[in-house]
Amino acid sequence: MSRKFEGGKLVIASHNPGKVREIAELLEPFGADVISAGELNLPEPVEDGTTFIANAKIKALAAATASGHVALADDSGLCVHALNNDPGVYSARWAGPKKDFTLAMQKVEEALNAASSQDRSAHFACALTIAWPDGHTESFEGQVQGTMTWPARGEKGFGYDPTFVPDGHTTTFAQMEPETKHAMSHRANAFKLLVAACFEDEN
Ligand code: IMP
């Protein structure tokens with residue numbers, strides 16, 4: 001059985017205020033008094049894991065041990081099946097130092113055209129790790145399956161959204177209303193697993 005969050009301070013191991021606010025709203029009903037790693041001036045560890053869960057664990061453990069509070073971290077990315085799941089944990093890095101996702105989407109398309117396979121299937125993955133100061137961790141991974149499309153379509157969302165069409169839909173994530181995407185996303189699926197295991201009562 002998973003260890004439960006007993007309430008009190010919960011450090012979000014992110015320096016992105018938008019992400020912290022979203023997570024705070026999600027977890028406040030469970031008695032989480034959310035504070036960000038940024039507000040606590042916690043150092044950002046090197047994310048040198050080769051899986052999403054490994055990187056989420058590195059970040060959550062670093063924040064929990066440095067702060068003495070329970071900490072939550074996430075890591076996410078796009079996995080294109082014909083590219084051996086690239087860009088994967090390097091999804092942000094494919095956009096270069098200028099965080100240019102037009103370039104990153106183009107790189108994925110070029111790699112797909114160069115691949116011998118016609119398979120354009122892909123998934124987004126989101127790992128969440130909750131860590132306690134004693135080193136205990138619980139990790140969860142949510143996914144959403146889909147297909148890479150070209151040219152890019154839509155202005156909403158971020159990252160690779162304009163080239164990803166989730167299964168069962170004809171529009172890209174970037175053409176959907178944010179609520180529609182958020183209801184089915186890899187992040188939503190990971191949070192469902194986390195909340196069921198660590199934040200909700202059994203009965
Ligand atoms: P991070 O986990 O916030 O570091 O995100 C890693 C990278 O994965 C982002 O910079 C995006 O490129 C990509 N990514 C993660 N989630 C999404 C999504 O929902 N839509 C589009 N791109 C995403």
Side-chain angles (χ1 to χ4, degrees), residues 12-24 26 36-38 44-60 62-63 71-81 83 85-109 111-112 120-130 139-167 169 171-194:
I12 308 302
S14 169
H15 291 249
N16 174 342
K19 203 182 254 187
V20 174
R21 201 174 325 115
E22 235 183 80
I23 297 175
L26 259 155
S36 78
E44 289 185 77
V46 181
E47 290 174 45
D48 55 3
T50 56
T51 64
F52 298 112
I53 285 185
N55 279 335
K57 242 185 204 174
I58 289 170
K59 290 184 268 190
L72 179 69
D74 77 334
D75 198 56
S76 59
L78 172 72
C79 298
V80 182
H81 302 159
L83 305 181
N85 286 341
D86 273 346
V89 291
Y90 307 107
S91 292
R93 268 174 257 180
W94 276 38
K98 293 190 181 138
K99 299 197 163 74
D100 181 351
F101 280 95
T102 305
L103 173 79
M105 289 187 286
Q106 209 149 3
K107 274 199 212 167
V108 169
E109 183 60 20
L112 268 174
R120 297 185 63 91
S121 68
H123 66 271
F124 276 118
C126 174
L128 287 172
T129 295
I130 181 167
S139 296
F140 307 90
E141 184 171 316
Q143 298 186 348
V144 58
Q145 303 291 327
T147 304
M148 301 308 294
T149 189
W150 195 260
R153 289 184 267 136
E155 306 292 329
K156 303 181 180 91
F158 70 100
Y160 298 90
D161 280 346
T163 51
F164 184 85
V165 178
D167 283 356
H169 296 261
T171 52
T172 68
F173 263 172
Q175 292 174 302
M176 291 180 177
E177 292 309 319
E179 310 83 72
T180 311
K181 176 192 166 186
H182 293 156
M184 69 172 88
S185 76
H186 46 312
R187 213 160 279 110
N189 291 333
F191 267 100
K192 272 180 213 154
L193 297 173
L194 168 80

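The first residue in the sequence is number 1, and the count goes up from there. Counting starts at 1 for both ligands and their atoms, in listed order.
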For [X] against [Y], the heavy-atom pair lying closest together:
{"X": "A104", "Y": "Y160", "value": "CB-OH, 3.5 Å"}
{"X": "R120", "Y": "E109", "value": "NH2-OE1, 2.8 Å"}
{"X": "T171", "Y": "P166", "value": "O-CD, 3.5 Å"}
{"X": "S36", "Y": "V20", "value": "CB-CG2, 3.7 Å"}
{"X": "F101", "Y": "S91", "value": "CE2-O, 3.9 Å"}
{"X": "A71", "Y": "A63", "value": "CB-CB, 3.7 Å"}

Can you tell me the protein heavy atom closest to [atom] and the distance?
{"atom": "atom 20 (N) of ligand 1", "answer": "D161 OD1, 2.6 Å"}
{"atom": "atom 5 (O) of ligand 1", "answer": "S76 OG, 3.4 Å"}
{"atom": "atom 16 (N) of ligand 1", "answer": "R187 NH2, 2.8 Å"}
{"atom": "atom 19 (O) of ligand 1", "answer": "K181 NZ, 2.8 Å"}
{"atom": "atom 22 (N) of ligand 1", "answer": "Y160 N, 3.3 Å"}
{"atom": "atom 17 (C) of ligand 1", "answer": "F158 CZ, 3.4 Å"}

May I ask whether [X] places a heavy atom under 4.0 Å from ligand 1?
{"X": "F173", "value": "no"}
{"X": "K99", "value": "no"}
{"X": "F101", "value": "yes"}
{"X": "L78", "value": "no"}
{"X": "G77", "value": "yes"}
{"X": "D74", "value": "no"}

Proximity winner for atom 4 (O) of ligand 1, if only heavy atoms of N16, V89, T163, D75 are counted: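 Shortest heavy-atom distance from atom 4 (O) of ligand 1: D75.
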
Identity of the nearest option to atom 13 (C) of ligand 1, non-hydrogen atoms only, from G157, G159, A92, S91: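 Nearest option to atom 13 (C) of ligand 1, by heavy atoms: S91.
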
Under 4.0 Å to a heavy atom of K19 - the qualifying atoms of ligand 1, by number: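 Near K19, the atoms of ligand 1 are 3 (O).
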
Enumerated ligand 1 atoms positioned under 4.0 Å from heavy atoms of H186: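 In order of number, 16 (N), 17 (C), 18 (C), 19 (O).
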
Salt-bridge contact D161-K181 (side-chain N to carboxylate O under 4.0 Å):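 Counted as a salt bridge, because a side-chain N and a carboxylate O are separated by less than 4.0 Å.
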
T51/E141 under side chain to side chain contact (heavy atoms under 4.5 Å, CB included): CA gap, chis, key distance, verdict: CA-CA 11 Å; T51 64; E141 184 171 316; over 6 Å; no

Side chains of K192 and R187 in contact at under 4.5 Å (non-hydrogen atoms):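 No, too far: nothing below the 4.5 Å cut-off.
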
E179 CD: over 12 foreign heavy atoms closer than 6.0 Å: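 Atom CD in E179 is crowded, with more than 12 foreign heavy atoms closer than 6.0 Å.
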
